[in-house]
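On a predicted model such as this, the values are computed, not experimentally measured, just so you know.
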Amino acid sequence: MNNDNKKRKFKGGAEKNREKHQKILNTVAQQCHKITNMFSSNTSCKQSVAKNISLQVIREIADGSNIVIDNHSTNNCLESAAKNVSTEVIEENADIANIVMDNNSTNNCLKSAAKNVSTEVIEENADIANIVMENNSTNNCLKSAAKNVSTEVIEENADIANIVMDNNSTNNCLQSVVKNVSLELFEETASGDLLDGSNIIFRNDPVNFVNVEQWTPELKNMILSLGACQPKEQDLSLVSYEKDHLNRSFHSAWYNRKLIDNTYVKREWLSYSPKLNKIFCLYCILYGKNTNTAWTKEGFCHWKNGSLSITKHETSSTHIFASLKVKLKQSCLPILPSILEDHNRQVAFNRELVKQLIEITIFLARHNLPFRGHKENWESDLKGNFKDMVVLISQHSPTLSVHINQLMAKGKKENSFISWDRQNSLIDSIAQYISSVIRTQIVKAGYFSICMDTTFDVSHKEQLSFIARYIFKSKIHERIIAITESPLTTGKVLFDMFKCVMEKCGLNWKKNLVGQSYDGAANMRGSYSGLQAQILDENPKALFVWCHAHRLNLIVLSAVGSCIEAVDLFGNMEKLYCFITCSKKRSDIYRMKQKEIYPKKQVHAIKRVGTTRWMSNSFALATIFETLEAILNMLEEVKNQDGSSDYKIATECNGLLMYFQSSRFIVTAFMFKHLFDILGPLSKLFQGRDLDILAAVNYLKKAENNIIMMRNDEVFNDIFEEAKSFSEKHFGDFEINNLRSFRNRKKKVVRQIGEITFDETIENPVQYFKVSVYFVTIDIIIQQIHDKFNQNSVSVMKDIGLLSLKRMKEKTDLPQDAFKMICNVYGLNQELIKNEYIMFKEIVKDLDVNLLLKLPEKIHADSDEDNIHSDDEESDGEIDNYKNMASLINIFETMNNANIKAEFENLYNIIKLSLTLPTSSCTVERSFSKLKIIKTRLRSTMEQTRLENLMLISCEHDINIDIDKVIDIFAGKSSVLTKLLTF
């Protein structure tokens with residue numbers, strides 16, 4: 001009786017379930033009817049249905065495995081594979097249903113196969129429920145189920161094939177991160193069946209992956225390869241399934257289902273979780289849509305109705321569709337290795353192609369050459385530097401040759417790596433790699449300083465350049481980190497842009513910025529609203545250092561205008577420049593005279609005085625001395641040829657000839673020549689990248705001492721005799737009376753009350769020149785050095801001065817307040833530094849002297865001479881011969897080489913801080929020189945991003961570029977590039 005009641009209840013529930021699914025199947029049948037009509041209207045469509053369905057399934061699997069299906073080499077393979085898969089699926093289903101295959105179209109075979117699969121699923125469920133289905137209703141249900149399955153497969157694969165790939169590189173990056181994280185987490189969790197106390201951990205337990213949010217194809221394939229978790233009682237630690245509050249439990253018999261012919265089939269989808277004591281549907285978790293959360297998320301544990309609920313779930317449409325997806329995917333897996341092999345071969349080809357394009361891009365960018373041409377089509381003779389180089393190298397590179405031939409043959413149908421958009425992506429990828437290298441070095445360095453300046457480019461835009469100074473591998477580096485457009489240059493605007501750049505580069509400037517250096521503009525060095533003041537308000541450790549090179553240039557400008565003779569000298573030099581360069585004829589005469597007089601020397605061009613170049617006055621004066629005879633002959637010839645017809649030219653020639661042959665010019669020029677011999681090398685030293693602030697102060701002190709030594713009668717007499725010998729050699733005589741300038745009337749000086757004496761007039765021309773010109777110029781230079789380089793402006797200078805090798809070798813006691821100011825500014829422990837300093841002084845004599853005196857190969861990149869410096873008092877007075885005992889870099893390198901930085905941690909830290917402090921902002925000026933070369937009149941419409949990338953590649957040409965990493969960055973620019981360049 002009880003069995004009859006159960007059968008009636010089960011039969012009634014099954015009938016309700018059948019009615020419910022019949023409504024769903026009827027709706028799907030209408031959609032399938034439309035597709036069937038479309039198939040019947042076109043015979044060719046019938047023949048391609050099976051191929052398309054299998055192709056779509058294969059592409060879905062291929063996309064999941066990140067396989068790029070190449071249109072050229074893989075289509076034939078896919079078509080044959082699709083045919084084989086379709087035949088295998090049809091034959092398999094035909095064998096089950098005893099269907100005799102005929103030679104009709106593949107479309108009919110697919111329909112019968114779909115019917116067969118649906119019939120098998122429904123009949124198996126009907127057998128379990130002991131439902132006797134009538135023939136009419138069964139046939140109708142089978143037909144609608146077949147249509148439903150076919151429609152679902154077609155729609156699903158059509159959706160897969162019609163996915164619109166997003167070009168955003170962030171999506172690709174996120175997808176790859178999710179893949180890696182998901183696989184790593186699952187592999188860590190499912191690394192094996194482990195015994196944890198009294199519990200056995202099964203690697204395919206659903207608890208390990210049931211809460212995964214983002215399902216990647218790789219993760220699905222891995223879980224499918226593990227299969228469902230179906231442990232028996234003897235496999236569990238308690239040798240039985242856990243019971244619920246009703247004393248009921250799961251049964252291992254539910255792993256199998258009994259068919260109508262008394263045979264059993266394993267439920268491969270049923271997965272039991274020993275940890276949760278719940279069952280899940282593996283297929284619905286992976287491929288189910290709108291499924292019951294009890295079978296996918298929460299798990300089923302109502303064991304009282306377990307058998308009925310399992311049967312109800314496996315007869316649902318969502319479960320059937322998920323099962324079909326799994327079966328179809330498994331049937332397509334055998335062809336994946338061949339597709340994967342072809343994919344890897346194509347990716348290797350593409351990566352080799354992109355590698356050569358990256359090398360071309362680096363070459364053009366480092367040499368500041370334009371990329372684009374006016375007309376870049378294949379028919380043009382000149383296609384731009386980039387395409388022309390690609391064509392040139394393709395003659396020796398099979399890879400490039402194949403790609404160019406494909407582009408010329410197929411045009412836009414072929415993926416191009418040399419289009420203008422790909423050029424920008426290549427440039428951006430290289431610059432992005434260089435930026436990452438610089439950013440990594442700054443982060444590892446710990447401390448860094450910043451230098452900033454602005455300039456006006458050819459397109460009338462104000463460009464703001466950012467330079468970072470830091471220590472990496474015992475070397476000082478100054479590298480460009482950004483260049484941005486700044487329409488306004490007030491202190492507030494510059495500060496806001498500074499914060500944006502620091503945030504973009506990921507640099508913690510409030511913690512790690514220890515110095516800043518700018519020129520003398522008010523918006524930069526202003527004490528209240530300047531950029532340095534606003535940075536100091538938020539970071540008191542960012543010590544401001546006024547650029548040493550700019551300050552020295554101001555001193556030179558003061559010396560040039562110190563007296564009438566100096567003004568006349570450089571004024572006439574500028575007048576001579578304008579006189580020669582304003583006429584092509586005069587410039588040609590000037591060159592011809594040089595070739596006649598100096599046949600074995602290089603032809604020089606006359607230099608301008610009033611320029612923004614460092615020490616332009618010195619360069620102009622040197623050119624005058626080297627070509628003075630050619631200049632005088634040129635003036636004579638121009639006067640003879642054009643003077644008779646143009647009195648203005650004749651007057652100018654006479655005036656220039658009279659001045660440049662006068663003793664006043666000769667003596668004044670020799671005086672400034674000796675001064676520039678001291679200040680010129682010092683200016684080059686201040687422009688060096690690896691110059692530290694302590695060495696800069698010592699070099700300045702040496703130069704000041706040498707200038708002070710010039711202020712005596714003996715040195716003046718030597719200069720005067722040298723000028724006299726030069727004049728007699730070139731002009732035959734030397735007139736002393738021409739040493740003083742002539743005035744129309746005597747200057748009247750108002751006497752003070754009670755003053756009865758008169759100013760004596762110096763009658764001796766030599767004495768007059770010494771007092772009114774020579775001493776005045778030197779006094780102004782010395783005074784300007786004291787004013788511009790006031791040590792009180794930088795409070796930590798005295799503390800840094802204690803770190804010099806000369807002070808360390810002295811036997812004097814350490815002052816009580818030593819390192820007080822620098823410790824207050826940077827928050828260091830004064831007592832620890834003093835103790836370590838005293839101990840380091842004891843061992844400094846035992847360290848390798850050769851290491852301490854080791855010099856850099858070049859102080860300045862543009863210098864042709866090896867500048868060697870010394871802090872020895874017995875030097876010969878020439879800055880070029882100084883040994884670098886004043887520099888901290890040698891002590892810093894010695895501590896690293898001797899591996900004693902751990903023993904002197906605090907002293908090492910303060911030396912590193914001192915080296916990080918900037919001495920000048922000349923690297924910013926060098927970046928502006930690159931800017932003028934890159935952004936020319938013909939490239940004035942260049943975008944700001946492209947300009948910044950090209951500047952970065954050009955300025956930081958010494959950074960070694962890992963091309964494989966650049967290719968990976970380039971592959972992340974779009975989803976298309978990701979498939980073409982990723983294995």
Side-chain angles (χ1 to χ4, degrees), residues 350-378 380-404 407-408 415-438 457-459 463 465 479-483 861 926-971 973 977 981:
N350 293 337
R351 291 180 73 91
E352 179 62 25
L353 173 65
V354 173
K355 178 182 178 181
Q356 297 180 20
L357 295 177
I358 290 175
E359 291 174 347
I360 294 174
T361 304
I362 294 173
F363 175 83
L364 293 175
R366 285 180 173 176
H367 289 80
N368 310 312
L369 298 175
F371 282 68
R372 305 291 302 280
H374 182 63
K375 291 183 179 180
E376 295 188 340
N377 50 19
W378 295 111
S380 300
D381 295 332
L382 298 176
K383 294 175 279 293
N385 289 336
F386 184 82
K387 277 194 174 182
D388 283 340
M389 286 195 67
V390 170
V391 174
L392 177 63
I393 297 177
S394 66
Q395 299 176 8
H396 310 281
S397 171
T399 305
L400 278 176
S401 179
V402 170
H403 183 63
I404 291 176
L407 289 177
M408 296 177 68
N415 288 318
S416 175
F417 288 102
I418 61 176
S419 63
W420 66 269
D421 187 50
R422 292 289 185 260
Q423 292 177 29
N424 289 338
S425 298
L426 287 171
I427 295 172
D428 186 67
S429 300
I430 299 170
Q432 189 174 341
Y433 173 78
I434 295 175
S435 297
S436 65
V437 171
I438 296 175
D457 65 12
V458 70
S459 60
Q463 299 290 348
S465 180
R479 301 197 182 277
I480 184 171
I481 58 175
I483 181 167
R926 279 190 284 271
S927 69
F928 293 154
S929 299
K930 289 286 187 181
L931 174 65
K932 293 179 180 179
I933 298 174
I934 295 173
K935 193 170 184 179
T936 60
R937 183 176 59 86
L938 297 178
R939 306 172 73 186
S940 59
T941 59
M942 185 186 302
E943 292 184 355
Q944 186 66 28
T945 304
R946 183 183 174 95
L947 173 64
E948 184 176 0
N949 293 335
L950 291 175
M951 286 278 295
L952 195 61
I953 300 172
S954 178
C955 293
E956 308 307 331
H957 53 81
D958 59 326
I959 294 180
N960 295 325
I961 297 177
D962 190 338
I963 295 183
D964 289 332
K965 292 183 179 180
V966 175
I967 294 176
D968 294 336
I969 297 173
F970 178 67
K973 295 298 180 181
L977 293 175
L981 298 171

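- For R351 and F970, the positive end is not near the middle of the six-membered ring at less than 6.0 Å and at most 45° from its axis.
- Side chain to side chain, K935 and S459 meet the donor-acceptor criterion of an N or O pair below 3.5 Å.
- N949 CG to I483 CD1: the interatomic distance, rounded to the nearest 0.5 Å, is 11.5 Å.
- A distance of 3.5 Å separates OG of S394 from CD1 of I404, quoted to the nearest 0.5 Å.
- Of all the heavy atoms in E956 and I480, the pair that sits closest is OE2-N, 2.9 Å.
- For the pair S436 (side chain) and Y433 (backbone), a donor-acceptor distance under 3.5 Å is present.
- Under 3.5 Å, the side chains of K973 and Q432 contain a donor-acceptor pair of N or O atoms.
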#### Entry: Derivation of the side chain to side chain contact (heavy atoms under 4.5 Å, CB included) call for F371 and N385
CA-CA 5 Å; F371 282 68; N385 289 336; 5.9 Å; no

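- Using a 4.5 Å cut-off on side-chain heavy atoms (C-beta onward), L357 and L400 make contact.
- Atoms NE2 and CD1, on H367 and I362 in that order, are 12.0 Å from each other to the nearest 0.5 Å.
- Closest non-hydrogen pair, A971 versus L981, comes out as CB-CB, 3.8 Å.
- Scanning for salt bridge (Lys or Arg N to Asp or Glu O under 4.0 Å) contacts around R372 gives E376, with sequence neighbours left out.
- Scanning all heavy atoms of the two residues, the minimum distance from A431 to L952 falls at O-CD2, 3.3 Å.
- Sparse packing is recorded around CD of E943, with 12 or fewer heavy atoms of other residues, nucleotides or ligands lying under 6.0 Å away.
- Qualifying salt bridge (Lys or Arg N to Asp or Glu O under 4.0 Å) partners for D964, counting only residues two or more places apart in sequence or in other chains: none.
- Here the side chains of R422 and L977 are in contact, with some heavy-atom distance below 4.5 Å.
- Under the side chain to side chain donor-acceptor pair (under 3.5 Å) criterion, S380 pairs with N377, sequence neighbours left out.
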### Task
Run the numbers on N424 and D428 for side chain to side chain contact (heavy atoms under 4.5 Å, CB included), then give the verdict.
CA-CA 6 Å; N424 289 338; D428 186 67; over 6 Å; no

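- Atom-to-atom distance recorded for S435:OG and I430:CD1 is 12.0 Å, nearest 0.5 angstrom.
- In terms of the ring pair (Phe, Tyr, Trp, His ring centres under 6.0 Å) criterion, residue partners of F417 (sequence neighbours excluded) are, by chain and number, H403.
- Closest non-hydrogen pair, N415 versus L407, comes out as O-CD2, 4.2 Å.
- Here S465 contributes atom OG and E948 contributes atom CD; the two are 9.5 Å apart, rounded to the nearest 0.5 Å.
- Not one N or O on the side chain of S940 forms a donor-acceptor pair closer than 3.5 Å with the backbone of T936.
- Closest heavy-atom contact between I427 and R946: CD1-NH1, 3.7 Å.
- Between K932 and D457 no salt bridge is recorded (no basic side-chain N to carboxylate O distance below 4.0 Å).
- Salt bridge D958/R479: present, at least one basic N to carboxylate O contact under 4.0 Å.
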### Task
Could you go through the side chain to side chain contact (heavy atoms under 4.5 Å, CB included) check for M942 and I934 one step at a time?
CA-CA 10 Å; M942 185 186 302; I934 295 173; 4.1 Å; yes

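- Of all heavy-atom pairs between I959 and R366, the closest is O-NH2, 3.3 Å.
- Take D962 and apply the salt bridge (Lys or Arg N to Asp or Glu O under 4.0 Å) test, not counting sequence neighbours, and it matches no residue.
- The environment of CD1 in I933 is crowded: more than 12 heavy-atom neighbours from other residues, nucleotides or ligands sit within 6.0 Å.
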### Message
Set out, in order, the CA-CA distance, both residues' side-chain angles and the distance that settles side chain to side chain contact (heavy atoms under 4.5 Å, CB included) for L931 and L947, then state yes or no.
### Response
CA-CA 8 Å; L931 174 65; L947 173 64; 3.7 Å; yes

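- K387 forms a cation-pi arrangement with W378, by the criterion of a distance under 6.0 Å to the ring centre and an angle within 45° of the ring axis.
- Separation of atoms CG (L950) and OG (S954) is listed at 8.0 Å; rounding is to 0.5 Å.
- Using a 4.5 Å heavy-atom threshold, the side chains of K930 and M951 count as touching.
- In terms of the side chain to side chain donor-acceptor pair (under 3.5 Å) criterion, T361 has no residue partners (sequence neighbours excluded).
- In the model, E352 has a side-chain atom that pairs as donor or acceptor with a side-chain atom of Q356 under 3.5 Å.
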